[in-house]
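Input: a single structure, listed below in structure tokens.
Given the structure is predicted, the values throughout are model-derived calculations rather than measurements. Side-chain atoms are counted along with the backbone in the values below, which use heavy atoms only and exclude waters and symmetry mates. Here is the naming used below: chain letters follow the sequence lines, and residue numbers restart at 1 for every chain.
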Amino acid sequence: MEKSFLEATQLSSFLEKLRLFGELHGPTVTDAGVATFAPIAAPSQLRINYRRTQIPPKKYLLPFREQLLSYRDGRYAEPAETQPPIVLFALHPCDLAGIAYLDLVFLGDNTDPGYAARRARLTLVGISCEPDDFCFCSAPDSAANCDAFLTAVKSGYLFSAVTARGEAIAAAAADLFSTTEVPQPVAAQHPGTGVAPQGPELRFSDNPLWQKFADTCVSCGACSVCCPTCYCFDVREYPALDGGGVRIREWDNCFFATHGEVAGANFRPTRLDRLRYRFLHKYCGFTPLQGITSCVGCGRCKAVCPVGIDLRELFSAARGEMSP
Amino acid sequence: MKLVRLAIAGLTACSGCQLTLLNCEAELPDVLQRFELVYFPMAQSGGRREGPFDAALVEGAVSTPADLDMLFSLRNASRLLVAYGTCAAFGGVAAMNNGQSQRQELLQTVYGSQPSLPESFAPAPFGNFVSVDWTIRGCPPEKEEVVELLAALLAGTLPPVRSYPVCTECRSRENLCLLMEKGELCLGPVIQGGCNARCPATGIVCEGCRGPVREANVAQELELLLERGFGREEIERRMNRFKPGWDYGQRR
């Protein structure tokens with residue numbers, strides 16, 4: 001892993017080099033003041049010291065709503081992929097870990113063609129971050145699952161190329177780098193950025209918090225919408241007036257009554273059932289990702305919850321056993 | 001091709017829902033080609049209220065004997081009765097003060113002390129009187145949901161149901177959360193989505209025009225608004241704007 005020093009004053013020039021690899025997207029802020037990943041037309045739009053965006057980078061891979069196909073006269077057609085190559089700049093390790101998890105889901109045994117096409121067009125450039133009170137990330141400086149990574153140090157960034165595309169970025173930006181006396185931070189080898197996997201039996205614990213959360217959760221779905229690894233989706237078909245129609249895919253949410261609903265019954269009829277299911281999926285994982293936690297520690301679920309629910313408080317069997 | 005026979009009518013309402021259909025300008029040629037608008041007094045004269053209809057799209061709350069007559073007659077003449085808009089589904093703005101206003105006083109305020117006042121009663125949703133086969137929510141409804149229904153009727157079915165709250169689309173659009181970030185009285189968590197968070201996207205709180213989402217945690221919404229310093233009276237007034245009679249103890 002080669003490292004080079006990029007002085008902070010060279011950042012704008014570095015962004016120009018990144019544009020060679022695709023449309024540049026990075027953390028910025030909307031007119032309403034919401035942190036978001038969006039196209040970066042001018043370096044002044046970039047908020048490199050951002051904490052977290054409301055919607056994680058999964059939106060680039062799994063849009064909130066997408067058309068899977070259109071049909072007419074007994075034939076169907078898939079929409080042509082039009083997304084250009086994109087360089088996603090300044091992703092925090094937690095969001096990189098989120099993409100790594102989505103890769104496991106969508107590029108596994110049954111590859112999702114839409115996801116795979118969009119993933120292939122993404123170049124990921126990570127950056128180290130400073131956790132805030134919502135974060136519970138265990139590896140804010142780990143360089144996993146990206147093409148290149150910047151580690152913030154005094155007066156600049158240490159650049160590391162991780163993949164061949166990262167090497168190509170290094171080559172393109174070679175004249176911007178300098179050698180430095182700054183000691184390289186020891187790259188910690190973490191298995192992930194989030195919390196450790198929990199025992200699946202915990203979801204049936206008699207912790208009284210379960211009922212409290214079930215009572216106070218408003219099922220707004222924000223925690224799941226904003227989660228970098230929540231990927232449940234619904235597929236629906238809408239006929240059109242001309243006799244054809246479209247099939248769409250849209251984010252689904254385990255907090256909604258319809259999520260576990262089948263003809264005549266519901267696998268998870270109550271909010272408590274849905275919370276237990278969410279706990280299982282987030283912290284224990286299930287087949288084929290059993291034992292793999294999908295929580296990456298970004299803190300979004302806690303930051304966006306209108307009633308302040310933090311499922312990690314359920315990590316002990318009962319409230320009396322919780323560590324302070 | 002056999003045309004699908006429609007009746008489109010309004011009871012006590014502003015006609016905004018019917019207007020929404022007329023505003024679907026891009027789709028109207030297709031609609032006219034495939035549907036027979038048998039009875040649509042707002043848009044065309046000379047219609048006959050003679051069934052059978054494949055579907056009747058009826059807007060408005062029920063608040064007069066004439067409303068009831070129309071509702072029963074369209075129900076009896078139609079295979080599918082569609083409660084078209086929030087008044088038809090929940091009572092709507094006409095019903096917001098049902099809990100406190102006296103009918104007789106209202107009539108005298110409007111009509112003065114003339115000897116014979118028109119007959120009317122507290123505005124009520126269709127479901128109080130007849131069975132309803134499909135509901136289009138919203139004040140006014142989304143064009144998309146109207147077209148969706150018409151297209152589904154052509155295909156011999158009904159559209160797939162949406163059952164997520166406004167917050168889901170609002171967060172996904174990366175709007176600023178007016179409830180949490182601005183401390184405003186937003187009803188997003190308990191209101192049915194499908195509007196793509198139209199109001200919050202422009203910085204206006206969700207007023208609840210699409211009615212309750214399935215299994216709304218009304219008790220918790222009330223609690224979190226009280227915690228943020230809003231008074232019970234103000235909260236209820238806002239909740240009642242498009243649908244009176246919430247169950248404030250409901251947690252699912």
Looking at [options], which has the largest count of heavy-atom pairs under 4.5 Å with chain B?
options	result
Thr258(A), Asn253(A), Asp215(A)	Asp215(A)
Asp242(A), Asp234(A), Val304(A)	Val304(A)
Thr216(A), Thr36(A), Val225(A)	Thr216(A)

Within-4.5 Å side-chain heavy-atom neighbours: Thr168(B) and Phe255(A) = no

inquiry  = Could you check whether any side-chain heavy atom of Val218(A) comes within less than 4.5 Å of a side-chain heavy atom of Leu224(B), counting everything from C-beta outward?
reply    = yes

Minimum heavy-atom distance between Cys220(A) and Pro165(B), given as atom pair plus value = O-CG, 3.5 Å

Closest non-hydrogen atom pair between Ile55(A) and Glu174(B), with its separation = CG1-CG, 3.3 Å

For [X], is it the side chain, the backbone, both or neither that has a heavy atom under 4.5 Å from a heavy atom of chain B?
X	value
Ala303(A)	backbone
Glu250(A)	side chain
Ala240(A)	backbone
Ser219(A)	backbone
Pro63(A)	neither
Thr270(A)	both

[X] side chain to [Y] backbone, donor-acceptor under 3.5 Å:
X	Y	result
Arg271(A)	Glu215(B)	yes
Asn217(B)	Cys217(A)	yes
Arg171(B)	Cys226(A)	no

ask   = Under a 4.5 Å heavy-atom cut-off, does chain A meet the side chain of Arg251(B), its backbone, both or neither?
value = both

query = Relative to chain A, which segment of Leu179(B) carries a heavy atom at a distance below 4.5 Å: side chain, backbone, both, or neither?
reply = side chain

ask   = Who among Asn175(B), Val147(B), Leu154(B), Leu153(B) has the most heavy-atom pairs with chain A under 4.5 Å?
value = Asn175(B)

query = What residue, out of Met180(B), Gln33(B), Arg228(B), Arg173(B), has the most heavy-atom pairs lying under 4.5 Å from chain A?
reply = Met180(B)

